[in-house]
Protein chains: 2
Amino acid sequence: MDRRVTKKNDDASGKERPTLKTLAFMTGLGVTTVSRALKDAPEIGAETRRRVQLVAKQIGYRPNRAGVRLRTGKTNVISLVLNTEHELMSFVSDIIYGVTEVIADTPYHLIVTPYSRSQDPLDPVRYLVETGSADGVIISRTQPNDPRARYMLEHGVPFATHGRTDMGLVHPYHDFDNYAFAGEAVRALAGKGRNRLALVTPPVGLTYFRYTVNGFADALSEVGASEVPFNTVSIDHTIEQIRMRTAQLMRRDDRPDGIISSAAAATLAVVAGIEDAGLKLGRDVDVVSKQSSEVLHLFRRELLVVNEDFRLAGSELARAVLGWIAGKEPGSLQSLSKPSEVLPYRG
Amino acid sequence: MDRRVTKKNDDASGKERPTLKTLAFMTGLGVTTVSRALKDAPEIGAETRRRVQLVAKQIGYRPNRAGVRLRTGKTNVISLVLNTEHELMSFVSDIIYGVTEVIADTPYHLIVTPYSRSQDPLDPVRYLVETGSADGVIISRTQPNDPRARYMLEHGVPFATHGRTDMGLVHPYHDFDNYAFAGEAVRALAGKGRNRLALVTPPVGLTYFRYTVNGFADALSEVGASEVPFNTVSIDHTIEQIRMRTAQLMRRDDRPDGIISSAAAATLAVVAGIEDAGLKLGRDVDVVSKQSSEVLHLFRRELLVVNEDFRLAGSELARAVLGWIAGKEPGSLQSLSKPSEVLPYRG
DNA sequence: CCAATATACTGAAACGTTACAGATTGCCAA
DNA sequence: TTGGCAATCTGTAACGTTTCAGTATATTGG
């Protein structure tokens, strides 16, 4: 008996993962027709289309990603580029969850591309672009003049930035309105009679540093309060550094009676520093802080908080990149999220 | 002049990404030879090998992932499967960073595969296996009898679990020694004269729930302390629920004088609950808590903490999957990390 | 000196997909 | 009847890689 080697997938034998060839065999059509039928191409008869799609669903056909990617260059991948040292912790998981929520019912996968402090932030982006590893990229820690954004624009790679740029170039972004946040915070403190205010800033160099500082400054003159400079730390510093510097600050004669903090982790340190200096929150000084989860009021109920929703940011960023990939205007894919009110503790 | 269509990559024209064909053209060799030379195949002459590798480095050749994947089935992808609702926040980013650290100088990419509460946890794993989307998988929230682990073993997919299983099946894992943690915690509280202890457990059903409860129970009888049952909450409950239940508990006559908490977030709620009941930490009750970043001592310095390093967990898990993929014995890729001592605040 | 063998290389095929350039059929107008 | 055209469908090639089955040349043993 002549037992020829059978070309693996010509039969619908069962065990192997179905391909277009399998579908073609089962429907009695050509591979090309099947391919087109599945993507609703116009030159396929309505009945054929339905038949193919039915069979495909029945046997659980899933296009082979490698095949598509090799042929078309489309990766069906979104990459989230993260700094593995600076990024605040809770921040990251929330963004990831936000992104995954949006891409859940798309064919996209999310890959996390890390880079460390020692590296040029452009490195991972260059890698992604050069190797064509993603259809879209999301970056954070955005700078006013951001080489990564410029690079991707030049190379025609869709992306979205967490935070705005200021280069006269238009691209999708999502940002929290830190100008408004700082302003609200100042007004809230002024409302409590505080008029010598200090600011724990975002990392110098990032765009939202500017927005925060400007919002702070404008509101200060608006309410007639004055600034107590506190430039020695930012929220990128360690807990210990912030705590120590805050304690130093609070022991001075010209200490502030109100502090605004741009991140929850920093706030923990700030409060510790205040207490190290023998002062009491709510009595000697009030603190307004951003937070991304309801944690600060458990810490000290005297704190005033403003909520920033990073899961929302993740979703918005994902929507933005997908939109750009789908051909929408980059300029129409920008969003700014307003801060919540300044919230006191309510038991 | 006869201007023929040139087959895109036959020349070393420059702009296109180099492929094996490009290298073959440049070196004057065949594509096969180049492919083999790059992976140090034995049948290639030493000089040829060096020459090819030199040229490849010079022009920055990177193998096309889709090509490799299509031909060999190798994806060069590790997937981290995450529950988007339960996973504690800081937890996640640390694990991700740990994983990326390890795969940074490998060709592997990390993809994050999410699933939500409503879904069967097996769903994402089934998807990954069926579509062959990853060479290795990392899962967390491991159960004693874990269908995901069983499924992947059956399908021959390398994986590692964060937490152990108890099915008599051998596979790589990394776990924190929660039995030791609970024991240490009990002994530390006993050392402070506390002998009526309550436990805020991990989620019922996960393996480390058992280890924690057993470590707690064994140490209780060892030191002659007794348990105050507190089964109404676990660390999966909301801050509000834990806080309320703790307050209820602490208002009872038979309230505990020591509490052990399995997660930092829960501890914040526990302390709030204690204070809601009008009691004082360190005087009326002591609390020992796990934490993954140095945050609890800023919160209340009376707290006793034990550190769990999730970044380490991520690294170990990544190493384990890669090891299994590389052919090592699954049984040799298991690790258990010992808890730190129980640490009081030190100014 | 011949055959066997080792060494160094090569072309063709295949992985699953899509795009291109047909092929076949039926229908209608001239 | 014939030519044209629309409506459907199809085969082939190509994306970049690895594997299989060679080929050509030099080297060795008898």
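Scope of the values below: all heavy atoms of this structure, side chains included, with no hydrogens, waters or symmetry mates. In the text below, chain A, chain B and the rest are named by the order of the sequence lines, each starting its count at 1.
Rounding to the nearest 0.5 Å places CG of Leu169(B) at 10.5 Å from CG of Asp146(B).
Taking only side-chain nitrogens and oxygens, Ser35(B) never comes nearer than 4.0 Å to OP1 or OP2 of dT17(D). Taking side-chain N and O atoms only, Tyr61(A) has no distance below 4.0 Å to OP1 or OP2 of dG16(C). Within the structure, every side-chain polar atom (N or O) of Thr72(A) is placed at least 4.0 Å from both OP1 and OP2 of dC15(D).
Which of dG16(C), dT17(D), dT17(C) sits closest to the side chain of Leu70(A) comes down to dG16(C). Picking from dC9(C), dT18(C), dT18(D) the nucleotide with the shortest atom distance to the side chain of Val31(A) gives dT18(C). Comparing dG16(D), dC9(C), dC15(D) against the side chain of Thr19(B) picks out dG16(D) as the nearest.
Heavy-atom distances under 4.0 Å link DNA chain D to Arg36(B), Lys39(B) of residues 36-47 of chain B, given in residue order.
Between Pro124(A) and Gln119(A), the closest side-chain pair of non-hydrogen atoms falls below 4.5 Å. Residues Thr19(A) and Asn64(A) fail the side-chain proximity criterion, which asks for heavy atoms closer than 4.5 Å. By the 4.5 Å heavy-atom criterion applied to side chains, Thr142(A) and Arg164(A) are not counted as neighbours.
Among the atoms of the strands shown, base atoms are found under 4.0 Å from some heavy atom of Thr33(A).
For Thr32(A) against dA19(C), a side-chain N or O and a base N or O form a donor-acceptor pair under 3.5 Å.
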